[in-house]
Amino acid sequence: MNRFITYPAEARAARQQGTPLIRITLDDAGNVISASLARSSGYTLLDQAAVAMAYRASPLPVPPASVPQRSIVIPAEYILR
């Protein structure tokens, strides 16, 4: 997923950092059906970028059958280096 992260220029210029958690629901083929914010980073720009990243990363590997609703929560880390 990290290769799909894009740091919003305005957030970078404002030195915003954080790790929003994104809830992603997949279909049987690993396509993203929905993505939403599970926990905010504290910055709207980073939160919106993380949700958009989930859709750009589609399709994803299919979760195992033991995950009945094919729903996962992932972190999207935005750290200035």
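Not measured: the values here are computed from a predicted model. We use all heavy atoms of the structure for the numbers below, so side chains are in, but hydrogens, waters and symmetry mates are not.
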For this session: Determine the minimum heavy-atom distance between I22 and A35, stating which atoms define it.
Result: CG2-CB, 4.3 Å
Problem set entry | For A38 against V73, the heavy-atom pair lying closest together | CB-CG1, 4.2 Å
Exercise. Do T19 and S41 touch side chain to side chain, with heavy atoms closer than 4.5 Å?
Worked result: no
Problem set entry | Transitive ILVMFWY side-chain link L80 to M53, under 4.5 Å | yes
Exercise. Charged N to carboxylate O below 4.0 Å: is that the case for R70 and D28?
Worked result: yes
Problem set entry | Closest non-hydrogen atom pair, A50 against Y78 | N-OH, 3.3 Å
For this session: Please answer: with hydrophobic residues joined when any side-chain heavy atoms are less than 4.5 Å apart, are L37 and I5 in the same cluster?
Result: yes
Exercise. Side chain to side chain donor-acceptor pair (under 3.5 Å): which pairs involve residues 50-61, sequence neighbours left out?
Worked result: T6-R56
Problem set entry | Taking every non-hydrogen atom, the tightest pair across L60 and L26 | CD1-CD2, 3.8 Å
Problem set entry | Min side-chain heavy-atom separation P8-L46 under 4.5 Å | yes
For this session: Looking only at non-hydrogen atoms, find the nearest pair between Y43 and S40 and report the distance.
Result: N-OG, 4.1 Å
For this session: Could you grab the distance from atom CD1 of I74 to atom CZ of R23, nearest 0.5 Å is fine?
Result: 11.5 Å
Exercise. So, for Y7 and I79, which heavy atoms are closest and what is the spacing to 0.1 Å?
Worked result: CE1-N, 3.7 Å
Exercise. Mind checking whether L45 and V51 sit in one hydrophobic cluster, side chains of I, L, V, M, F, W, Y counted as touching below 4.5 Å?
Worked result: no
